[in-house]
Undergrad: 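Dropping a structure here in structure tokens format, bear with me for questions.
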Amino acid sequence: MKTLPRVKLAMLPTALEEAPRLCKELDITLFVKRDDNTGLALGGNKARKLEYLVGEAVELGADTLITTGAPQSNHCRMTAAAAAKVGLACHLVLNGTALTVKQGNLLLDELLGAKVHFLGSDDASLAPARMQGLNDELTARGARPYLVPLGGSSPVGAVAYVMAIEELLTQSCGQNFDYIVHASGSAGTQAGLLAGVKSFGLPTRVIGISVSRPQVRLAREVLELCRDTLTHAGAEIRVEEDDVIVYDEYVGRGYGLPTEASTSALELFARREGIILDPVYTAKAAAGLIDLVRRGTIPAHSRVLFWHTGGMPALFADLAPHWGEKA
Ligand SMILES: *Cc1c(COP(=O)(O)O)cnc(C)c1O
């Protein structure tokens, strides 16, 4: 694999932790990969992607990062933290209209010194044009901006999860997992994990639990991004449609809106293992995991890795109805 530009932002490796009380409850062997503890302003999966995205930005001589997301975006919070750590300016384009009460990730964005621009609409498809407009404005004023895509989900960002599989291999001592289960949003994490599993020839199936997008769309995006990520990394490995597993039945009424099952999963992980999930992503992934085990889709006694992708700051924010990503 090619050596790609990278800056150190995350505390790696993250712990691989057994969850014995949940194992008993679910009748599987369950480990949790603690990417909620990557550091970089309260942790999460975006820290890994940002190591490569900011690596590229720095190599290109950028002095400003521009990105986008929902008002409670973990990706935006961590991009702001990365900018602060490396000494870059940061502009965030957030969906919706300006909120007067600042909580959770939004509070941290401002604490971290990012300039927040509200899109004025819940239609996230307007965000790329707004980012481009900001890019042009800042460039005219002499800045050198670098655009980080939504969720950091480009081949440059997703490659971080290929490396995360290598990290997992050094921790799991030749004991393969049957399944990796995780929250899937903008396709980057799943694309990277799948590219990693394929690159290292593992039998592990990667199961993405969608938190917003319909199955057909997300599966197509994961496949495309997985192939582009492998090309970007210089690996010649084939990935087929059958390799992509996405479930969208745990989304509920929409992105960021809790379901009965996600709330029970949040409680179960907290009360059995002292592990705090988040209401937007990981609680829905855990609800998916629990249901797939109960239905036998994940058979009893399987070796399962739940990849905790972070997101806890959203627990400390009102789940206001207008923080939606249009699926
Ligand atoms: C962004 C995010 C995800 C989803 O990752 P994608 O690469 O966008 O699929 C999962 N969990 C948390 C907490 C996140 O912030």
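The first residue of the sequence shown is numbered 1, and numbering continues consecutively from there. What you are looking at is a predicted structure, and each value in this text was computed from that prediction instead of being measured.
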Undergrad: Test your reading of the model: is there a side-chain donor-acceptor pair from Gln72 to the backbone of Gln103, 3.5 Å cut-off?
TA: yes
Undergrad: Which one of Gln190, Glu221, Arg220, Arg213 satisfies the side chain to side chain contact (heavy atoms under 4.5 Å, CB included) criterion with Val246?
TA: Gln190
Undergrad: Between Glu59 (side chain only) and Pro5 (backbone N and O only), is there a donor and an acceptor less than 3.5 Å apart?
TA: no
Undergrad: Judged by atom type as modelled, is there a donor-acceptor pair below 3.5 Å linking the side chain of Arg303 to the main-chain atoms of Leu30?
TA: no
Undergrad: Could you walk me through whether Ser184 and Leu218 pass the side chain to side chain contact (heavy atoms under 4.5 Å, CB included) check?
TA: CA-CA 8 Å; Ser184 200; Leu218 184 54; 3.7 Å; yes
Undergrad: I'd like to check Val181 versus Leu292 (side-chain heavy atoms, cut-off strictly below 4.5 Å). Are they in contact?
TA: no
Undergrad: Would you give the length of the straight line joining atom NE2 of His117 to atom CG of Leu134, rounded to the nearest 0.5 angstrom?
TA: 4.5 Å
Undergrad: Under 3.5 Å, is there a donor-acceptor pair between the side chain of Thr259 and the main chain of Ser262?
TA: yes
Undergrad: Starting at CD of Glu249, measure out to CD1 of Ile209 and round the result to the nearest 0.5 Å.
TA: 7.5 Å
Undergrad: Can you tell me if Ser302 uses its side chain to pair, donor with acceptor, with the backbone of Val304 under 3.5 Å?
TA: no
Undergrad: Just by distance, no angles: are the side chains of Asp123 and Ser125 close enough, under 3.5 Å, to form a donor-acceptor pair?
TA: yes
Undergrad: Check whether any side-chain heavy atom of Leu315 lies under 4.5 Å from a side-chain heavy atom of Pro279, and answer yes or no.
TA: yes
Undergrad: Are there over 12 heavy-atom neighbours, none belonging to Glu240, within less than 6.0 Å of that residue's CD?
TA: yes
Undergrad: State, with a plain yes or no, whether a side-chain heavy atom of Val86 is found less than 4.5 Å away from one of Val58.
TA: yes
Undergrad: Please evaluate residues Ser210 and Gln215 with respect to the criterion side chain to side chain contact (heavy atoms under 4.5 Å, CB included), reporting the C-alpha separation (whole Å), side-chain torsions for both, the decisive distance (0.1 Å), and the verdict.
TA: CA-CA 7 Å; Ser210 176; Gln215 194 274 340; over 6 Å; no
Undergrad: So do Leu88 and Thr64 actually touch side chain to side chain, heavy atoms under 4.5 Å?
TA: no
Undergrad: If only atom types and distance count, is the side chain of Ser153 paired as donor or acceptor with the main-chain N or O of Pro149 below 3.5 Å?
TA: no
Undergrad: Side chains of Leu4 and Val159, heavy atoms from C-beta outward: is any pair under 4.5 Å?
TA: yes
Undergrad: Working to the nearest 0.5 Å, report the span between CG of Leu194 and CD1 of Ile207.
TA: 12.0 Å
Undergrad: Side chains of Leu168 and Leu305, heavy atoms from C-beta outward: is any pair under 4.5 Å?
TA: yes
Undergrad: Check whether the ring centres of Phe177 and Phe306 lie less than 6.0 Å apart, and answer yes or no.
TA: no
Undergrad: Determine whether Lys198 and Asp243 satisfy the following criterion, side chain to side chain contact (heavy atoms under 4.5 Å, CB included), listing intermediate values before the conclusion.
TA: CA-CA 9 Å; Lys198 288 283 165 183; Asp243 294 320; 3.1 Å; yes
Undergrad: Treating Ile, Leu, Val, Met, Phe, Trp and Tyr as nodes and any side-chain heavy-atom pair under 4.5 angstrom as an edge, say whether Phe200 and Val239 lie in one connected cluster.
TA: no
Undergrad: Atom CG in Asp278, atom CZ in Phe316: separation rounded to 0.5 Å?
TA: 11.0 Å
Undergrad: Is the closest side-chain donor-acceptor distance between Lys33 and Thr14 under 3.5 Å?
TA: yes
Undergrad: With a 4.0 Å cut-off on N to O distance, would you call Arg21 and Glu273 a salt bridge?
TA: no
Undergrad: Between Lys8 and Glu51, is there a salt bridge with N-O shorter than 4.0 Å?
TA: no
Undergrad: Closer than 3.5 angstrom, by distance alone: can the side chain of Arg144 be matched with the main-chain N or O of Thr139 as a donor-acceptor pair?
TA: no
Undergrad: Please report the shortest heavy-atom distance between Ala283 and Ala265, naming the atom on each side.
TA: O-CB, 3.6 Å
Undergrad: Spell out, as yes or no, whether a donor-acceptor pair under 3.5 Å connects the side chain of Lys284 to the backbone of Val251.
TA: yes
Undergrad: Say whether Tyr146 and Leu138 are linked into one hydrophobic cluster, either directly or through other cluster members, by side-chain heavy-atom distances under 4.5 angstrom.
TA: no
Undergrad: Which side-chain N or O atoms in residues 228-236 pair as donor and acceptor under 3.5 Å with protein atoms at least two apart or in another chain?
TA:
| from | atom 1 | to | atom 2 | distance (Å) |
| --- | --- | --- | --- | --- |
| Thr229 | OG1 | Leu225 | O | 2.6 |
| Thr231 | OG1 | Arg227 | O | 3.0 |

Undergrad: Under 4.5 Å between side-chain heavy atoms, hopping through other hydrophobics if needed: is there a path connecting Leu126 to Phe118?
TA: no
Undergrad: Any side-chain heavy-atom pair from Leu223 and Glu241 closer than 4.5 angstrom?
TA: yes
Undergrad: Do the side chains of Leu289 and Leu266 join up, straight or via other hydrophobic residues, at under 4.5 Å, putting them in one cluster?
TA: yes
Undergrad: Would you say the ring centroid of Tyr161 lies under 6.0 angstrom from that of Trp307?
TA: yes
Undergrad: Step through the shown structure and confirm whether more than 12 heavy atoms of other residues, nucleotides or ligands are within 6.0 Å of CZ on Arg295.
TA: yes
Undergrad: Does Leu277 reach the side chain of Phe269, with side-chain heavy atoms less than 4.5 Å apart?
TA: yes
Undergrad: May I have the step-by-step check of salt bridge (Lys or Arg N to Asp or Glu O under 4.0 Å) for Arg6 and Glu56, ending in yes or no?
TA: CA-CA 7 Å; Arg6 180 178 186 180; Glu56 184 177 80; over 6 Å; no
Undergrad: Carefully, step by step, assess Leu112 and Cys90 under the rule side chain to side chain contact (heavy atoms under 4.5 Å, CB included).
TA: CA-CA 9 Å; Leu112 291 160; Cys90 182; over 6 Å; no
Undergrad: Nearest 0.5 Å, please: how far is CG in Leu107 from CG in Asp109?
TA: 9.0 Å
Undergrad: Give the cluster check for Tyr281 versus Val32: same hydrophobic cluster or not, with ILVMFWY residues linked at side-chain heavy-atom distances below 4.5 Å.
TA: no
Undergrad: Starting at CE of Met11, measure out to CG of Asp35 and round the result to the nearest 0.5 Å.
TA: 11.5 Å
Undergrad: As a test of understanding, state which of Thr38, Thr189, Thr282, Leu50 forms a side chain to side chain contact (heavy atoms under 4.5 Å, CB included) with Asn45.
TA: Thr189
Undergrad: Between Glu167 and Arg48, does the salt bridge (Lys or Arg N to Asp or Glu O under 4.0 Å) criterion hold? Intermediate values first, please.
TA: CA-CA 12 Å; Glu167 176 184 305; Arg48 289 188 190 267; 2.9 Å; yes
